Protein chains: 2
Amino acid sequence: MNIGQASAASGVSAKMIRYYESIALLPAAGRRDSGYRDYATEDVHRLAFVRRARDLGFSIPQIRSLLALWSDTGRSNADVRAIAREHLAEMEEQARKLQEMIGTLKALVGSCETGRRSACPIIDELGDHRPAPATPAKPRRRAA
Amino acid sequence: MNIGQASAASGVSAKMIRYYESIALLPAAGRRDSGYRDYATEDVHRLAFVRRARDLGFSIPQIRSLLALWSDTGRSNADVRAIAREHLAEMEEQARKLQEMIGTLKALVGSCETGRRSACPIIDELGDHRPAPATPAKPRRRAA
DNA sequence: GTAATCCTTCCCATGATGGGAGGGTCAAGC
DNA sequence: GCTTGACCCTCCCATCATGGGAAGGATTAC
C-alpha cells in the first residue's frame with residue numbers, strides 16, 4: 001500500500017506520516033524498488049492509533065510512550081493509566097484556565113452591555129491605568 | 001525609558017516588545033541617538049493593554065482591532081463587544097472540545113481501573129481494530 | 001507512448017515566544 | 001581619563017504540528 005492509501009485509510013495526512021517517521025515516532029516504512037514507502041495493514045492500525053491519540057490531545061512524547069505500551073504485550077495497565085492520568089491532569093488544568101478567562105471576559109461583556117456610560121469596561125479594564133469605578137477584583141496572577 | 005524599563009513596567013518581555021513592533025501591532029518606538037528605543041508612559045500603557053488582552057487569550061489580530069478601538073475615542077461599544085463576543089465564542093468552542101476529550105479519557109481511565117483483565121480499554125480504544133491479544137506480529141521491519 | 005497522478009526529498013511558513021551570538025552604548029567606579 | 005558590567009541593538013535559530021509548494025522520478029490508465 002502506498003502512502004496515499006495508508007493516509008486515506010488511517011486519516012493521517014501523507015505529510016504527517018513522513019513527519020512521524022522522521023521524528024521516529026513510527027518505524028521507518030519499508031521501501032519498494034522505486035523508493036516508494038510501502039505500508040501493511042498493521043501500519044495503518046498504528047497510524048490510526050496515533051491519529052486517535054492526537055484527537056484526544058495527547059502530545060507526541062505521550063503518544064510515543066503509549067505506542068511502546070501498545071506493542072508491549074507484557075505491559076501493565078498501571079503504566080497506561082499513569083500516562084492517561086498525567087494527560088488528564090494537564091487537560092483539566094487547561095480547562096480551568098480557559099474557564100477562568102471565559103468568566104472574566106463574560107463579566108466584561110456583560111458590564112459593557114448593561115453600562116449606559118460611553119466607557120466600555122472591556123476597554124477600560126484592559127487599559128488598566130484607568131480601572132472602572134467598580135472593579136470586580138480579578139485574579140492577576142501569572143506575574144511576569 | 002529604555003526597553004528594559006518598559007518591559008518591567010508593562011510585564012511584556014523586551015523580546016516581545018520588539019516582535020510586536022516588527023509586526024506593526026505597536027507603532028515603532030522613538031529612537032535615541034544611540035539607536036536605543038525610547039518609551040513614554042503611554043507606550044507602557046499600550047503594552048500593558050496588550051499583555052492583559054493576551055492573558056485573556058485574544059489573538060494578535062483581535063488585539064490589533066481592540067487597540068484601534070482603544071485609541072478611538074469615538075468608538076462604539078458595540079464594536080468592542082463584537083470582538084469580545086467573537087473571542088468568547090471561540091473560547092467556548094475550545095472549552096467544549098476540551099471537555100469532550102476529558103470526558104472520553106476519563107471514561108477510558110475509569111474502565112481501565114476497574115477492569116480485571118489485562119486488556120486496557122485505553123489502549124484498545126485507541127487501537128480501534130483492537131490489536132488483538134494474540135497479534136504479536138509487526139515490529140518486524142522495525143529498525144529498518 | 002503519452003498524460004495524469006502519484007511519490008520522493010527539500011525548503012519555507014505559520015504563531016508566539018525564547019535563546020543566543022556578535023557587537024555597540026551607557027553609567028558608575030577608580 | 002579608563003575599565004567594567006549591565007544594557008541595548010540586529011540577526012539567526014528553535015520550538016510544535018502542520019501545510020504548501022517546487023523539482024523531479026515512478027506508476028498507472030488510456
Side-chain angles (χ1 to χ4, degrees), chain A residues 1-26 28-40 43-44 47 49-67 87 90-91 94 97-98 101 142-144, chain B residues 1-26 28-40 43-44 47 49-67 87 90-91 94 97-98 101 144:
Chain A
M1 179 175 354
N2 284 344
I3 200 171
Q5 274 118 35
S7 168
S10 66
V12 180
S13 75
K15 276 281 195 194
M16 280 299 101
I17 295 177
R18 295 194 194 96
Y19 172 69
Y20 291 153
E21 181 182 318
S22 83
I23 62 171
L25 178 67
L26 299 174
R31 300 288 185 133
R32 301 216 185 118
D33 290 350
S34 61
Y36 282 21
R37 287 176 180 78
D38 193 14
Y39 296 91
D43 297 313
V44 173
L47 282 169
F49 181 102
V50 172
R51 188 182 64 77
R52 300 175 128 249
R54 287 291 305 143
D55 285 349
L56 280 175
F58 283 94
S59 69
I60 265 63
Q62 284 170 328
I63 294 177
R64 211 181 283 273
S65 308
L66 287 174
L67 271 177
H87 177 45
E90 284 168 12
M91 287 200 293
Q94 201 184 328
K97 282 184 185 158
L98 194 52
M101 293 194 295
R142 188 190 158 76
Chain B
M1 179 173 1
N2 285 342
I3 199 172
Q5 275 118 35
S7 168
S10 67
V12 180
S13 75
K15 275 278 195 196
M16 278 301 99
I17 296 177
R18 295 195 194 96
Y19 172 68
Y20 291 154
E21 181 182 318
S22 83
I23 61 172
L25 178 66
L26 300 173
R31 299 289 185 130
R32 301 213 187 119
D33 290 350
S34 62
Y36 281 23
R37 287 175 181 78
D38 194 13
Y39 296 92
D43 296 316
V44 173
L47 282 168
F49 181 102
V50 172
R51 187 184 64 78
R52 302 176 127 247
R54 287 291 306 142
D55 284 351
L56 281 176
F58 283 93
S59 69
I60 265 64
Q62 284 170 330
I63 294 177
R64 209 181 284 273
S65 308
L66 287 175
L67 271 176
H87 177 44
E90 283 167 12
M91 287 200 294
Q94 200 183 331
K97 282 185 186 157
L98 193 52
M101 293 195 294

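Remember, it's a predicted structure, so these values are computed and weren't measured experimentally. Every chain is numbered from 1 and lettered A, B, ... according to where its sequence line falls, protein lines coming before strand lines.
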Non-hydrogen side-chain atoms of B/R18 and B/R37 separated by less than 4.5 Å: yes
Rounded distance in Å - CD1 (A/I60) to C1' (D/dT18): 10 Å
Shortest non-hydrogen separation from A/M1 to A/R32 and the atoms involved: N-NH2, 3.5 Å
Phosphate OP1/OP2 of C/dC26: any B/S34 side-chain N/O under 4.0 Å: yes
Nearest-angstrom distance from the residue atom CG of B/D33 to P of C/dG24: 18 Å
Min side-chain heavy-atom separation B/V44-B/Q5 under 4.5 Å: no
Closest listed nucleotide, where the reference is the side chain of A/R31 and the choices are D/dA17, C/dA16, C/dT9: C/dT9
Nearest listed nucleotide, side chain of A/Y36, among C/dA16, C/dT8, D/dC8: C/dT8
Interatomic distance where OH belongs to A/Y20 and C1' belongs to D/dG19 [whole Å]: 13 Å
Non-hydrogen side-chain atoms of B/L67 and B/L26 separated by less than 4.5 Å: yes
Nearest-nucleotide 5' precedence on DNA chain C, B/P61 against B/G35: B/P61
d(CE, A/M1; P, C/dC7) in whole Å: 12 Å
Nucleotide C/dA16, atom C1' - distance to CZ of B/R64 in whole Å: 13 Å
Under 4.0 angstrom between B/R37 side-chain N/O and D/dC9 OP1 or OP2: yes
Atom-pair distance (OH on B/Y39; P on D/dC7), nearest Å: 16 Å
Closest heavy-atom pair and its distance - A/V12, A/S7: O-OG, 2.7 Å
Spacing between B/D38 atom CG and D/dC8 atom C1', to the nearest angstrom: 13 Å
Residues within residues 2-19 of chain A bordering DNA chain C, heavy-atom distance below 4.0 Å: A/N2, A/I3, A/G4, A/K15, A/R18
Shortest non-hydrogen contact from A/I60 toward A/R54: CD1-CD, 3.8 Å
Euclidean distance, atom CZ of residue A/F58 to atom P of D/dC16 [Å, nearest integer]: 18 Å
Side-chain N or O of B/R32 closer than 4.0 Å to phosphate OP1/OP2 of D/dC9: no
Rounded distance (nearest 0.5 Å) linking atom CD of B/E90 with atom CD of B/Q62: 5.0 Å
